Amino acid sequence: MNLLLWAVYPYLALAVLVGGLIWRHRYDRFGWTTRSSQLYESAILRWGSPLFHFGVLMVLVGHIGGLLVPKAWTEAVGVTEHMYHLMAVFIGTVAGMCTLIGLSILIVRRRRTGPVFAATTRNDKAMYVVLAGVIVLGLLATVRANVAGGGYDYRETVSPWFRSLFYLHPDPEIMADVPVGFQIHILAAFALFAFWPFTRLVHAFSAPVGYATRPYVVYRSRDDRPGLRPTRPGWEGPPQPPDRRSGRTRSRR
Amino acid sequence: MRVMAQMAMVMNLDKCIGCHTCSVTCKQAWTNRSGVEYVWFNNVETRPGQGYPRTYEDQERWQGGWVRTRSGKLKPRSGGRVKKMFSIFANPKLPSMQDYYEPWTYDYEHLINAPAGEDTPVARPKSLLTGEDTKITWSANWDDSLAGGNEIAAGDPVLAKVSGQVKQEFEKTFMFFLPRICEHCLNPSCAASCPSGAIYKRAEDGIVLVDQDRCRGWRMCVTGCPYKKIYFNHRTGKAEKCTFCFPRIEIGQPTICSETCVGRLRYLGLMLYDVDRVAEAAATEGEHDLYDAQRSVFLDPHDPQVVAAAREAGIADDWIEAAQRSPVWDLIMRYEVALPLHPEYRTMPMVWYIPPLSPVADVLRDTGHDAEEAGNLFGAIDALRIPVEYLAELFTAGDPEPVRGVLNRLAAMRAYQRRINLGEAPDESIAAAVGMTGAEVDEMYRLLAIAKYEQRYVIPAAHAEDAHRLEKIATECSLDYEGGPGMGGGGPYGQGPFGESSGTPVPVQVETFHMLRDRQTAGSFTDPGDEPRRVNLLNWDGKGSPKGLFPPRDPESGPVDGGNP
């Protein structure tokens with residue numbers, strides 16, 4: 001069971017993530033977009049979206065720091081376990097709360113604003129459930145560990161296990177004694193990774209870092225293949241009012 | 001000097017009757033789709049008026065175009081790269097759907113399905129965003145022909161810039177129509193705003209396009225464009241814009257809006273320009289100097305040095321020749337009657353306008369004067385501040401002199417031609433008063449009034465490098481485009497891993513337009529060397545074996561089949 005959960009499943013999820021991204025890039029570059037709903041509603045988005053995105057970026061940095069940097073390294077530069085723990089709990093809670101509040105604002109906005117809700121696909125709804133689930137489970141695990149006990153030092157167990165995945169030498173045994181809260185959070189996170197390429201979340205992988213160095217105006221030679229391009233999958237015929245019951249019925253996405 | 005070619009357009013506003021044919025045909029061709037219901041790549045605005053989207057010219061609010069920094073460089077008004085990256089999660093300056101208008105349809109089904117009753121059933125308007133009942137309160141041309149009166153027209157940001165006295169005299173309303181498409185700028189601020197680098201300017205013809213496969217929906221371009229001619233497709237989540245009908249331009253046909261223009265007011269042609277000088281010209285300090293700065297970037301296609309440089313830059317001879325015949329060059333540089341729209345945005349727009357003389361002439365006529373007489377017209381252009389100031393805010397960043405110059409030339413042409421029309425002797429002094437000769441005025445009149453299709457639209461078609469590729473079509477697999485089945489992708493023949501329904505269908509090959517036409521009308525084979533391998537079976541009576549029925553044998557083994565010697 002341990003082997004299945006902590007060795008086979010993570011690799012499977014990562015394989016689906018990488019394979020899915022390659023597949024999406026090959027066959028659906030057109031669908032690779034944020035699908036922003038700002039045109040419909042701007043006032044609430046203006047608060048919710050940056051709150052969520054900056055929060056989640058901080059969370060990401062925190063996870064990288066906690067999971068990928070070995071404990072020995074931080075201690076070598078003189079950061080004691082106590083100092084690290086305080087810092088992680090403080091910054092982590094702020095980032096986590098930003099993310100959670102931002103996400104709540106965005107979900108409420110999505111449900112309450114007519115056009116935005118009408119533009120929400122089933123895929124989006126499923127994605128929100130998984131995404132919110134991972135975030136809430138993570139926060140719950142942290143809060144419980146810190147309220148109930150003096151905190152849980154995941155850098156002794158989860159981090160080495162996580163790194164062992166990348167050494168291609170998984171060590172499922174260390175995960176057996178990790179508190180259940182963390183375990184569920186990790187399993188949910190890998191489910192999210194596997195789901196990622198098939199949702200609108202792919203836009204995270206096209207963060208425009210090249211913009212910083214690019215010249216302002218891009219010149220490009222004409223396509224090798226002039227003339228009309230094939231019809232786009234999203235360019236469906238004449239305008240139709242959205243179907244209120246099932247959300248938009250669009251292929252995938 | 002680095003020469004580049006640019007497809008450009010000039011519109012003669014005096015001839016625009018505001019019929020919206022261009023808008024409708026453009027919509028039918030390009031934006032008759034879900035997600036772009038509210039989008040008009042071509043729209044016709046009534047001036048004075050708020051425009052579409054509402055008050056888009058108010059750059060204090062919408063932050064489009066470029067600003068000159070203290071160091072003399074250009075920066076997008078909405079912020080440089082760093083600011084863009086930080087505001088990427090919620091673009092604070094994006095117009096909302098209400099600034100365009102909420103698209104709607106009507107519940108026509110109700111007309112048929114309504115139960116029998118006292119009242120005649122009506123088709124209620126339904127929002128295309130929510131599917132709910134909606135109230136129609138605005139559209140792309142809600143204030144058409146000054147509908148709504150002063151209340152709406154007073155919201156015109158251009159009118160707000162002209163002086164108070166002029167605004168008060170607004171009661172004596174003047175009006176004209178302004179058709180707008182994407183400006184295909186030399187210094188496009190939409191492209192500069194795109195974090196993904198999906199918006200590009202084509203090196204061959206300067207058309208600005210959005211790569212739909214690269215766009216990630218960050219929507220910075222909508223803010224970046226001061227003309228608000230980039231639109232967000234709210235279903236696909238991608239930016240879309242006027243394409244200058246590039247599939248038509250590539251085969252030498254005018255854009256749809258030009259082709260169907262009832263007033264024949266559009267001119268299409270090439271302009272050669274020095275791309276190395278664009279940034280410097282766009283950063284010219286004084287806003288009033290931007291009009292001249294942009295003109296100084298254009299290169300005279302008749303100048304042998306320019307021709308040589310153009311050849312060196314890989315511009316084909318037929319393109320250089322087309323640039324020499326370009327009506328756009330004539331109107332901008334030779335007759336100097338065309339002006340750019342809002343040069344103060346520093347994007348170097350390439351759709352230029354001949355400002356309308358009719359507001360001036362109308363006032364003259366209404367006050368009982370002869371609106372065709374040169375003296376009267378010249379006097380009125382000097383005296384009438386309303387139209388001139390307003391036009392200057394549109395076309396020359398508020399400098400009335402170039403506008404007066406253009407209107408004087410148009411007035412001179414009018415007066416000069418009337419004398420000829422009435423059988424009187426041509427009056428050279430009228431032409432001389434605006435720095436032209438009678439012959440020049442006559443030529444300008446011919447271009448503006450009676451030019452034929454071929455003279456209004458000088459569009460060089462598919463180029464040498466295409467011909468080379470078209471030849472290869474027979475030997476190359478036509479499915480070998482990127483992502484196509486030939487490249488291991490999906491495609492209709494199911495080579496892809498997901499079977500027939502995955503991937504993209506084979507495109508309609510518009511580039512084969514000329515080749516197919518040639519084949520259908522040519523008397524000889526497209527490829528003369530092809531003859532031994534071809535035979536027209538319709539002419540074959542079934543006897544013997546005509547030449548070419550069988551492929552030629554190896555030359556060494558000698559002739560075998562009866563037909564071949």
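None of these values were measured; they are calculated from a predicted model. Residue numbering restarts at 1 for every chain, and letters A, B, ... go by the order of the sequence lines.
Taking the six-membered ring where the residue is Trp, A:Y9 and A:F190 present perpendicular rings, their angle passing 60° and hence far from 30°. In this structure, B:H234 and A:Y40 have perpendicular ring planes: the angle between them is above 60°, well past the 30° mark.
Considering B:Y38, B:Y100, B:Y101 as possible partners of B:P53, the one that fulfils the side-chain contact (heavy atoms from CB on, under 4.5 Å) test is B:Y100.
For B:V275, the part sitting under 4.5 Å from any heavy atom of chain A is the side chain, from C-beta outward, and nothing else. For a residue to count as touching a neighbouring chain, one of its non-hydrogen atoms must lie under 4.5 Å from one of that chain's; by this rule B:C215 touches chain A with the backbone only. With a 4.5 angstrom heavy-atom cutoff, A:L57 touches chain B only via side-chain atoms. Heavy-atom distances place the backbone of B:I199, and not its side chain, under 4.5 Å from chain A. At a 4.5 Å heavy-atom cutoff, B:S189 makes no contact with chain A through either its backbone or its side chain. Neither the backbone nor the side chain of B:P103 has a heavy atom closer than 4.5 Å to any heavy atom of chain A. Proximity to chain A (any heavy atom under 4.5 Å) is shown, for B:S96, by both the backbone and the side chain. Neither the backbone nor the side chain of A:V116 comes within less than 4.5 Å of any heavy atom of chain B. Contact of B:M85 with chain A is made through the side chain alone, with heavy-atom distances under 4.5 Å.
Remark: B:R81 is positioned above the aromatic ring of A:Y216, its terminal NZ or CZ atom under 6.0 angstrom from the ring centre and at most 45 degrees off the axis.
Outside the 6.0 Å centre-distance limit, the rings of B:Y200 and A:Y219 are not counted as a close aromatic pair.
If you tally non-hydrogen atom pairs under 4.5 Å between each of A:F52, A:F54, A:W47 and chain B, the highest count goes to A:F54. For the set A:E41, A:R214, A:H203, the count of heavy-atom pairs under 4.5 angstrom toward chain B peaks at A:R214. Here B:C194 is the residue among B:A279, B:C194, B:S87, B:S196 with the most heavy-atom pairs under 4.5 Å with chain A. For the options B:S127, B:A90, B:P195, heavy-atom pairs under 4.5 Å to chain A are most numerous at B:P195. Most heavy-atom pairs under 4.5 Å with chain A, from the set B:D99, B:V208, B:N91, B:V82: that is B:N91.
A salt bridge does not link B:R124 with B:D107: none of the charged nitrogens is closer than 4.0 Å to a carboxylate oxygen.
Between the side chains of B:R216 and A:T33, no donor-acceptor pair of N or O atoms lies under 3.5 Å.
The 12-atom threshold is exceeded at NE2 of A:H53, counting heavy atoms of other residues, nucleotides or ligands nearer than 6.0 Å.
If you take CG on B:L128 and OG1 on B:T134, they are separated by 9.5 Å, rounding to the nearest 0.5 Å.
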